[in-house]
Amino acid sequence: MNNSIEKRIEVKAPLARVWRALTDHREFGEWFSVKIDGPFVPGETSRGHITYPGYEHVKWAVVVQKMEPEWLFSFTWHPYAIDPKQDYSHETPTLVEFKLEKIPAGTLLTITESGFDKVPSNRRSEAFRMNDSGWAEQIKNIEQYVFQKL
């Protein structure tokens, strides 16, 4: 099994527009299907709840790591942590990075989630599989969201 997931897409929009969709908590929430309580702040926990149908019971929490304008936004979280009865706090979180690069057509967005080797073995394979398919969907969501909001 791989230790990381990587998805890339060329978004036909300026770097600044894609950056805002990633780092403004309200915009992020629209395309990611999550209601976030407040702005993203490096070093702080961002909380909310999932709004995606069937997952509304899931609380959302990430620790924002870096916000380097128009280049890198990253956070850590517990992948596929959807069981409300399970305490995931003792697990090592994975790192999610959104990297932006200006290209002639607009912006190259690369999403990487790494650290699956630290996920407990009893849930590692499912967490990887679900997040791999989840990021495949989310990268399309942000592209559509940005396109509609231009």
Side-chain angles (χ1 to χ4, degrees), residues 1-9 11 13 15-100 107-149:
M1 188 187 98
N2 290 331
N3 178 45
S4 65
I5 296 166
E6 181 175 288
K7 305 293 182 194
R8 303 175 123 205
I9 195 165
V11 182
L15 211 86
R17 181 66 197 98
V18 179
W19 177 254
R20 191 169 72 241
L22 287 170
T23 59
D24 178 290
H25 73 285
R26 291 172 300 260
E27 290 199 30
F28 184 98
E30 283 189 52
W31 64 265
F32 198 89
S33 296
V34 62
K35 174 81 170 114
I36 302 170
D37 296 341
F40 293 126
V41 178
E44 293 189 11
T45 300
S46 179
R47 299 184 189 282
H49 67 276
I50 302 293
T51 59
Y52 189 85
Y55 291 88
E56 296 92 339
H57 66 284
V58 177
K59 291 185 192 297
W60 191 82
V62 304
V63 178
V64 177
Q65 299 297 310
K66 294 182 180 179
M67 292 179 76
E68 298 177 18
E70 297 186 7
W71 182 70
L72 174 66
F73 173 52
S74 66
F75 58 75
T76 55
W77 70 352
H78 297 289
Y80 200 58
I82 65 164
D83 183 349
K85 298 178 199 110
Q86 173 80 29
D87 177 12
Y88 299 96
S89 64
H90 65 281
E91 296 182 8
T92 302
T94 55
L95 173 66
V96 176
E97 296 177 302
F98 301 87
K99 291 183 180 176
L100 302 178
T107 304
L108 176 64
L109 169 61
T110 303
I111 302 173
T112 306
E113 183 173 5
S114 59
F116 283 93
D117 57 329
K118 304 285 194 273
V119 175
S121 60
N122 65 318
R123 55 182 229 92
R124 183 179 304 144
S125 180
E126 183 179 22
F128 185 91
R129 182 177 57 82
M130 294 303 290
N131 280 26
D132 186 48
S133 62
W135 286 121
E137 184 177 333
Q138 293 293 14
I139 205 160
K140 292 176 190 168
N141 289 348
I142 191 171
E143 178 190 37
Q144 291 172 345
Y145 175 82
V146 168
F147 182 75
Q148 291 169 353
K149 301 289 182 174

Output side-chain donor-acceptor pairs under 3.5 Å for residues 34-51, partner residues at least two apart or in another chain, one line each.
{"residue": "Thr51", "atom": "OG1", "partner": "Ser33", "partner atom": "O", "Å": "3.1"}
{"residue": "Thr51", "atom": "OG1", "partner": "Val34", "partner atom": "N", "Å": "3.4"}

Can you give me every donor-acceptor pair (side chain of residues 61-70, partner residue at least two apart or in another chain, under 3.5 Å) with its distance?
{"residue": "Gln65", "atom": "NE2", "partner": "Val63", "partner atom": "O", "Å": "3.3"}
{"residue": "Gln65", "atom": "NE2", "partner": "Thr76", "partner atom": "OG1", "Å": "3.3"}

Side-chain donor or acceptor of Asn141 paired with backbone N/O of Phe32 under 3.5 Å: no

Donor-acceptor pair, side chain of His57 and main chain of Ile82, under 3.5 angstrom: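 Flag set: sc His57 to bb Ile82 pair under 3.5 Å.
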
What pair of heavy atoms forms the shortest contact from [X] to [Y], and how long is it?
X: Ile111; Y: Trp135; result: CG2-CE3, 3.7 Å
X: Leu100; Y: Leu109; result: CD2-CD1, 3.6 Å
X: Phe116; Y: Pro79; result: CE2-CB, 4.0 Å
X: Leu72; Y: Trp19; result: O-CH2, 3.3 Å

Residues that Tyr88 engages under ring pair (Phe, Tyr, Trp, His ring centres under 6.0 Å), provided they are two or more places apart: none

Leu22 vs Ile142 side-chain heavy atoms within contact, under 4.5 Å: yes

Those residues that, when tested against Glu91, pass salt bridge (charged side-chain N to carboxylate O under 4.0 Å, His left out) (two or more places apart):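 Glu91 satisfies salt bridge (charged side-chain N to carboxylate O under 4.0 Å, His left out) with Arg123 once adjacent residues are dropped.
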
Side chain to side chain contact (heavy atoms under 4.5 Å, CB included) evaluation trace for Thr110 with Leu108: CA-CA 7 Å; Thr110 303; Leu108 176 64; 4.3 Å; yes

Check against side chain to side chain contact (heavy atoms under 4.5 Å, CB included), Phe73 and Phe28: CA-CA 12 Å; Phe73 173 52; Phe28 184 98; 4.3 Å; yes

Check: Ser4/Asn2 side-chain N/O donor and acceptor closer than 3.5 Å: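 Result is no, nothing qualifies.
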
Distance in Å, Ser121 OG paired with Lys118 NZ, rounded so as to fall on 0.5 Å steps: 13.5 Å

Nearest-0.5 Å distance, CH2 of residue Trp77 to CG of residue Leu95: 11.5 Å

Salt bridge (charged side-chain N to carboxylate O under 4.0 Å, His left out): pairs with one or both residues in residues 17-30, sequence neighbours excluded: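 Non-adjacent pairs meeting salt bridge (charged side-chain N to carboxylate O under 4.0 Å, His left out): Arg17-Glu27, Arg20-Glu27, Asp24-Arg26, Glu30-Lys149.
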
Cut-off 3.5 Å, no hydrogens considered: what does the side-chain donor-acceptor table look like for residues 126-134, sequence neighbours left out?
{"residue": "Asn131", "atom": "ND2", "partner": "Glu113", "partner atom": "OE1", "Å": "3.0"}
{"residue": "Asn131", "atom": "ND2", "partner": "Glu113", "partner atom": "OE2", "Å": "3.2"}
{"residue": "Asp132", "atom": "OD1", "partner": "Lys7", "partner atom": "NZ", "Å": "2.8"}
{"residue": "Ser133", "atom": "OG", "partner": "Arg129", "partner atom": "O", "Å": "3.4"}
{"residue": "Ser133", "atom": "OG", "partner": "Met130", "partner atom": "O", "Å": "3.0"}

